[in-house]
Amino acid sequence: MPDPYRIWLSEVMLQQTTVATVKDYFARFTARWPDVAALAAAEDADVMAEWAGLGYYARARNLLKCARTVVAEHGSTFPANHDALLKLPGIGPYTAAAISSIAFDLPHAVLDGNVERVMARVYDIHTFLPAAKPELMARAAALTPQDRPGDYAQAVMDLGATICTPKSPACGICPWRDPCLARAEETAAVLPKKTPKKPKPIRHGTVYLAQREDGAWLLETRPDKGLLGGMLGWPGSDWIDTTEPRPEGRPPLAADWQPLPGEVRHTFTHFHLMLTVQHARVGHNVSPEAGEFIGQNQFSPSDLPTVMRKAFDLTR
DNA sequence: AACACGTGGTA
DNA sequence: TTACCAAGTGT
C-alpha cells in the first residue's frame, strides 16, 4: 500500500499547483518530516517557512492542523475511510477521494479540474461551471471502476493533464477518441464552459525593510487569517485600491527611510499589487513598534512568500 | 453561490 | 505585457 502520509502531503501540495512546482517542496518536506508524527511535532514557523513560495498558505496551516488531529485522534494513522478523511482540515471532496482511492484502494471518484474537462468533453456537457459539477461528478463516478480505482484516478487526471488539455487537445492520440462526443461534435475547444472572471483591481502599498547594524532584519509574522496568513513579511501599509495619495501607512520605527529604486509588481488571485519599498539601516538600540528583528543567520529570503521576497530582492 | 486565497508557466 | 491556467478548500 502506498504511504497515506505521502499521498496526503502530495495531494495537498498539488491543489491548484503544478507537478513541476511541487516536486522540490515534496522532497524537502518528506526529508525533514518523514511521517505524520514528525510533522505534527514541527514548529509552526518551520513549516510555514518550508512552504514559502508554494502559495495558498491556508494549505500549510491546515496541513499542520490535520497532522496534529491525525496524531491526537487517529493514533498517528490516516483513517481508511472517505467520510473520516473529509472531516480533516484541508481535505475536501477532491483530496478525500484521491487519498481513498490511491492510498486505500477504495472506489471513490476524483473530480478535479482535469476530470471536469475530460467528462465535459467525453459527454459533450455544455452546462457552465460550477453549476455543472453534480453532472460531471455523476459521470466521473459512473466511470470509476471497483478494481484499481487509484490507478484509474491517476490515469484520468493524467489524460486531462497531457492529452485532453485546455487548449488544442491531442484528440488524435486520445484513447477515448472513439466514444468522445465532443470530438464527434467538434466542441472540445469550448468545453468545459466557465463563467467569465471579474477583472482584477490594482492595489497599492508600502513595505519597510529595516536592517540593523548587526545584519538583523525587521520582520513580522502576519496574522493567521487572511492574505499570506501565518507567513513572515515586512511591516507596511494596508494594500488599497486608491492611487492618490499612495498609501504609506506608518513606518515601524523612526529612521532615515529611503525609497528603493523600482517597485514590486505582483499579482494575487484577485488583485494586482504595486509596492513601494522603503529601506533604512538602523542602530542597535532601536525598538520597533511592529515586528521583531531576526538575525541574518536565522533568516533566509526563501522563508518569505514570493511578494515579500521580491521586495527583499530590491535591496540586492 | 460567490468570493478569498498564490504562484509560475505559457501563448 | 496581459490573461489564462493548474491534481481545491473554507467561509
Would you classify [X] as touching base, sugar-phosphate or nothing, given that sugar-phosphate means primed atoms plus P, OP1 and OP2, and contacts are heavy atoms under 4.0 Å?
X        : answer
A:Thr95  : sugar-phosphate
A:Gly229 : nothing
A:Lys198 : sugar-phosphate
A:Arg117 : sugar-phosphate
A:Leu54  : base
A:Gly160 : nothing

_Does the structure place the NZ or CZ of A:Arg222 under 6.0 Å from the centre of the six-membered ring of A:Trp239, at an angle of no more than 45° from the ring's axis?_
yes
*asked:* Could you tell me if A:Arg309 sits above the aromatic ring of A:Phe312, with its cationic atom closer than 6.0 Å to the ring centre and no more than 45 degrees from the axis?
replied: no
Would you tell me if any nitrogen or oxygen in the side chain of [X] comes within less than 4.0 Å of OP1 or OP2 on [N]?
X        : N     : result
A:His270 : B:dC5 : yes
A:Gln15  : C:dG8 : no
A:Tyr56  : C:dA6 : no
A:His266 : B:dT7 : yes

*A:Lys87 bridged to A:Asp83 by N-O distance under 4.0 Å*: no
*Considering only atom P, compute the distance from C:dT9 to B:dG8 and round it to an integer number of Å.*
22 Å
*Mind checking the C1' distance from C:dA6 to B:dA1? Whole angstroms is fine.*
23 Å
Spacing between [X] atom [atom1] and [N] atom [atom2], to the nearest angstrom:
X        : N      : atom1 : atom2 : result
A:Lys167 : C:dC4  : NZ    : C1'   : 5 Å
A:Lys197 : C:dC5  : NZ    : C1'   : 6 Å
A:Arg265 : C:dT2  : CZ    : C1'   : 10 Å
A:His272 : B:dC5  : NE2   : P     : 16 Å
A:Leu88  : C:dG10 : CG    : C1'   : 15 Å
A:Leu111 : C:dA6  : CG    : P     : 13 Å
A:Arg61  : C:dT9  : CZ    : P     : 16 Å
A:Gln16  : C:dC4  : CD    : C1'   : 13 Å

So how far is it from [X] [atom1] to [Y] [atom2], rounded to the nearest 0.5 Å?
X        : Y        : atom1 : atom2 : result
A:Ser76  : A:Leu39  : OG    : CG    : 11.5 Å
A:Leu209 : A:His279 : CG    : NE2   : 6.5 Å
A:Thr69  : A:Leu88  : OG1   : CG    : 6.5 Å
A:Leu136 : A:Ile125 : CG    : CD1   : 5.0 Å

_Regarding B:dG8, can its base be found pairing with the side chain of A:Thr17 as donor and acceptor, where the two atoms are less than 3.5 Å apart?_
no
*asked:* For B:dG6, does the base pair up with any side-chain atom of A:Thr269 as donor and acceptor (N or O, under 3.5 Å, distance only)?
replied: yes
*asked:* Let me spell it out: for each of A:Gly90 and A:Val115, pick the nucleotide of DNA chain C with the closest heavy atom. Which residue's pick is nearer the 5' end?
replied: A:Val115
*DNA chain C: A:Lys200 or A:Ala96, which has the more 5' nearest nucleotide?*
A:Lys200
*asked:* Taking the nucleotide of DNA chain B with the nearest heavy atom to each, does A:Phe271 or A:Thr18 sit closer to the 5' end?
replied: A:Phe271
*asked:* Could you check, using the six-membered ring where one of them is a Trp, whether A:His266 and A:Phe268 have ring centers closer than 6.0 angstrom?
replied: yes
*Taking the side chain as every heavy atom from C-beta outward, state whether A:Thr21 and A:Leu54 have any pair of such atoms under 4.5 Å apart.*
yes
*A:Val22 side chain near A:Phe29 side chain, heavy-atom distance below 4.5 Å*: no
*Among C:dA6, B:dG6, C:dC5, the one nearest A:Lys194 by side-chain distance*: C:dA6
*Identify which nucleotide among B:dC5, C:dA6, C:dT9 has an atom closest to any side-chain atom of A:Pro166, counting heavy atoms from C-beta outward.*
C:dA6
Cut-off 3.5 Å, side chains only: do [X] and [Y] have a donor facing an acceptor?
X        : Y        : result
A:Tyr94  : A:Gln15  : no
A:His108 : A:Ser101 : no
A:Lys193 : A:His126 : yes

*Return the residues of residues 150-158 of chain A meeting this criterion: a heavy atom under 4.0 Å from some atom of DNA chain C. Order them by number, or give none.*
A:Met157, A:Asp158
_DNA chain B contacts made by residues 303-315 of chain A, counting heavy atoms under 4.0 Å_ = A:Pro305, A:Thr306, A:Val307
*Return the residues of residues 126-145 of chain A meeting this criterion: a heavy atom under 4.0 Å from some atom of DNA chain B. Order them by number, or give none.*
none
*Between A:Phe78 and A:Tyr5, how do the two ring planes meet: parallel, tilted or perpendicular, split at 30° and 60°?*
tilted
